[in-house]
Amino acid sequence: MVRLNEIRAGEVAVDPPAATDAGLVYIGRIRTPWTDRLACPRQGRADGPACRIELFEPWVAALDGLSAYPRIEVLYWLDAARRDLVRQSPANDGLTRGTFALRSPVRPNPIGTSIAHLVSIAGAVLTVRGLDCLDGTPLLDLKPDRTLFTPIAKPQPGDFETEA
Ligand code: SAM
């Protein structure tokens, strides 16, 4: 999905409510080799280039413990994406799908997620592989890969409830 404001055959745009940021805070900036969407991969790859995640203060202290995880989830704000399409044509061939059936950056709240391979953490800078965003993309959050993470708190009543 590489576009600015075009509408392709069959696509449907809506008049969305005025955007607010819901109180999101950009906690850092992602540095990648890609300055143009045509060159940017659609999804990150484990053997992709090393990219830098520069964390802002006061969030650097929140990195404590993260280096134990070889893979981390990176959440970012696809800030250059339009936000008004409910049907999209990724191949620009007249065939469309609903936005929520796609991983396109074009969505009402343009949150991107990648599983990144952690190369190093040095102070406020993480080096990772596996990203697919433009240079300068705002960072929203970092988490251990859920498949590697064991909850630290004891199980709570209801954690293991099954449906009748
Ligand atoms: N891996 C994420 C996901 O699945 O949620 C994002 C996938 S999205 C298909 C990746 C594409 O978003 C890139 O190929 C590029 O065209 C576009 N993109 C990357 N950074 C962006 C940004 N800051 N603003 C808007 N579009 C961006």
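Order of listing sets the numbers, starting from 1, for every ligand and every atom in it. Quantities reported herein were computed from a predicted structural model and do not represent experimental measurements.
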Could you tell me, atom by atom, which parts of ligand 1 come under 4.0 Å of a heavy atom of Asp79? 22 (C), 23 (N), 24 (N)
Give the numbers and elements of all ligand 1 atoms closer than 4.0 Å to a heavy atom of Arg42. 7 (C), 8 (S), 9 (C), 10 (C), 14 (O)
Under a 4.5 Å side-chain heavy-atom rule over Ile, Leu, Val, Met, Phe, Trp and Tyr, are Trp59 and Ile121 clustered together? yes
Which one holds for Ala80 and ligand 1: side chain close, backbone close, both close, or neither close, with close meaning a heavy atom under 4.0 Å? both
So for Trp34 against ligand 1, with non-hydrogen atoms under 4.0 Å, the contacting part is neither
Can a side-chain donor-acceptor contact be found between Thr113 and Tyr76 if the only test is distance below 3.5 angstrom? no
Ile115 vs Glu73 side-chain heavy atoms within contact, under 4.5 Å: yes
Residue-level breakdown please: for Pro41 versus ligand 1, do any non-hydrogen atoms fall below 4.0 Å on the side chain, on the backbone, on both, or on neither? backbone
Has Asp64 got more than 12 heavy atoms of other residues, nucleotides or ligands less than 6.0 Å from its CG? no
Is it the case that atom CZ in Arg29 sees more than 12 heavy atoms from other parts of the structure closer than 6.0 Å? yes
Atom indices of ligand 1, in the order listed, that fall short of 4.0 Å to a heavy atom of Tyr76: 1 (N), 2 (C), 6 (C)
Answer with yes or no whether the side chains of Gln88 and Ser104 bring together a donor and an acceptor at under 3.5 Å. yes
Checking side-chain polar atoms at under 3.5 Å, does Thr147 have a donor or acceptor matched by the opposite partner on Arg71? yes
Any donor-acceptor pair under 3.5 Å linking the side-chain atoms of Arg8 with those of Ser89? no
Contact check: Trp77 vs ligand 1, nitrogen or oxygen atoms, below 3.5 angstrom: no
So if I count the atoms of ligand 1 from 1 in the order they appear, which ones are less than 4.0 Å from some heavy atom of Pro105? 8 (S), 9 (C), 12 (O), 17 (C), 26 (N)
Quick one: which ligand 1 atoms are inside 4.0 Å of a heavy atom on Gly112? 5 (O)
Under 4.0 Å from one or more heavy atoms of Ser114, ligand 1 contributes atoms 1 (N)
Polar-atom distance check: Cys133 versus ligand 1, any N or O pair below 3.5 Å? no
